Amino acid sequence: MLKQIEGSQGVAQAVALCRPDVVCAYPISPQTHIVENLGLLCRKGVLQDCEYINVESEFAAMSVAIGASVAGGRAYTATASQGLLYMAEAVYNASGLGLPVVMTVANRAIGAPINIWNDHSDSMSQRDCGWIQLFAETNQEACDLHIQAFRIAEELSIPVMVCMDGFVLTHAFEAMDIPDQADVDVFLPPYSPRQVLDPDHPYSIGAMVGPEAFTEVRWLAHEHMLAAIPVIERTQKAFQKIFGRNSGGLLSNYCMEDAELAVFSMGALTGTIKDAVDEMREAGQKIGVVTLKCFRPFPFAAVREALRYVSRVLVIERMMSAGGAGAVSLEVMKALKGTAVDQKTVYAGLGGRSVSKASFKKVFGAALRNELQEDEFFLDLDRELLSRQLEREKTSRHIGPLPEALNRHVNERKLARGEEI
């Protein structure tokens with residue numbers, strides 16, 4: 001059914017259609033509206049036979065989800081940013097125990113400094129935790145991916161994060177096609193756990209493993225994650241057959257037929273990128289977009305195939321590792337090992353900074369002309385602000401916290417321009 005609703009509400013309705021047995025709820029922006037709406041659906045009786053549990057922290061939310069899954073229940077929770085970091089120990093435990101928990105991560109920057117806006121630093125911080133990570137480009141895809149996530153998680157007995165850009169998607173109102181319950185029931189069978197607490201067949205859950213077997217445990221975790229790639233593809237095809245939408249999968253191509261430059265992106269920023277590419281295509285420039293839908297497991301073969309005919313690729317990063325490289329860039333680099341494709345990284349939209357078509361077209365044009373000299377380029381970097389701070393650090397030892405110093409520079413500049421602070 002087509003509805004004009006907020007992204008968070010659409011996701012809540014999609015999760016409810018999956019008939020979870022337990023929803024573990026702890027509020028943190030920008031995912032709060034998801035669990036609030038699920039609570040409302042439980043109270044109204046729309047979501048039946050579900051235990052909605054208000055917990056005292058994000059760590060408790062994941063811990064309760066683990067207990068519910070071990071007890072044989074279909075478990076769901078949601079979080080963002082520092083909340084994901086707070087539950088990190090339990091996040092690793094869920095995957096290590098092979099429990100098919102599904103969790104929404106409403107992507108938000110990690111502090112300090114405190115920032116409630118969108119980038120991908122939170123989920124990227126957990127890229128080694130053993131969870132499948134699926135990224136939504138639109139609210140419709142976020143809705144569809146949650147329904148697919150339960151089926152993928154339960155077939156593989158691996159937990160799944162569905163990542164959607166905070167505020168940009170979670171708080172945006174748009175038309176969403178919410179599936180019928182009967183169709184979801186056909187697509188998603190009742191939960192049949194691989195492991196469950198059973199007094200007649202007792203075994204240890206969470207047993208310690210020593211050095212003599214820990215390497216083998218990690219190898220098996222890696223092997224199971226790689227086995228998820230065909231399952232994700234198969235699940236996407238099964239979803240399309242029932243619902244008629246090509247949502248999810250490993251990646252998608254846009255205007256790549258004769259592209260010389262590929263923009264490699266992930267998440268909601270792809271919409272602005274496609275708009276910029278459309279205008280450049282109209283001007284005769286050969287540029288296309290490859291959108292990554294599945295970050296973990298990383299689909300190396302599919303990425304290599306998608307980029308094999310281009311001469312250049314720009315990887316758009318929504319996070320950065322201080323002193324290192326972007327997480328997506330490193331994976332693309334491995335996928336392209338041995339090829340002649342020139343790869344560069346563009347950091348864009350960190351901390352929720354707005355990115356315009358004009359900015360994208362400028363950097364894409366420079367890349368097409370082979371004028372982008374830096375391997376790592378920061379889009380719309382305020383170099384005047386940085387120069388003032390670096391100069392201050394040369395002349396003063398006691399500069400105070402960096403966020404405060406930068407805010408002071410911004411305010412001084414506003415006053416000089418006659419703007420309000």
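Here the structure is a predicted model, which is why all the values come from computation and not from measurement.
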Check ion pair [X]-[Y] (N to O, under 4.0 angstrom):
{"X": "Arg245", "Y": "Glu141", "answer": "no"}
{"X": "Glu174", "Y": "Lys3", "answer": "no"}
{"X": "Asp122", "Y": "Arg108", "answer": "no"}
{"X": "Glu305", "Y": "Arg308", "answer": "yes"}
{"X": "Asp119", "Y": "Arg353", "answer": "no"}
{"X": "Glu279", "Y": "Lys361", "answer": "yes"}
{"X": "Glu137", "Y": "Lys274", "answer": "yes"}

Within the 3.5 Å criterion, strictly below it, is a donor on Gln140 or Asp177 matched to an acceptor on the partner's side chain? no
Would you say the rings of His120 and Phe135 are close, in the sense that their centroids are separated by under 6.0 Å? yes
Can you confirm whether or not the ring centre of Phe187 sits under 6.0 Å from the ring centre of Phe239? yes
Results of salt bridge (charged side-chain N to carboxylate O under 4.0 Å, His left out) for Glu371 - residues two or more places apart only: Arg369
Could you pull out all residues at least two apart from Asp258 that satisfy salt bridge (charged side-chain N to carboxylate O under 4.0 Å, His left out)? Arg281
Aromatic rings Phe295 and Phe298: how do their planes relate, parallel, tilted or perpendicular, breaks at 30° and 60°? perpendicular
Establish, yes or no, whether the cationic atom of Lys334 lies under 6.0 Å from the six-membered ring centre of Phe300 and within 45° of the ring axis. yes
To the closest 0.5 Å, what do you measure between CD (Gln9) and NE2 (His33)? 10.5 Å
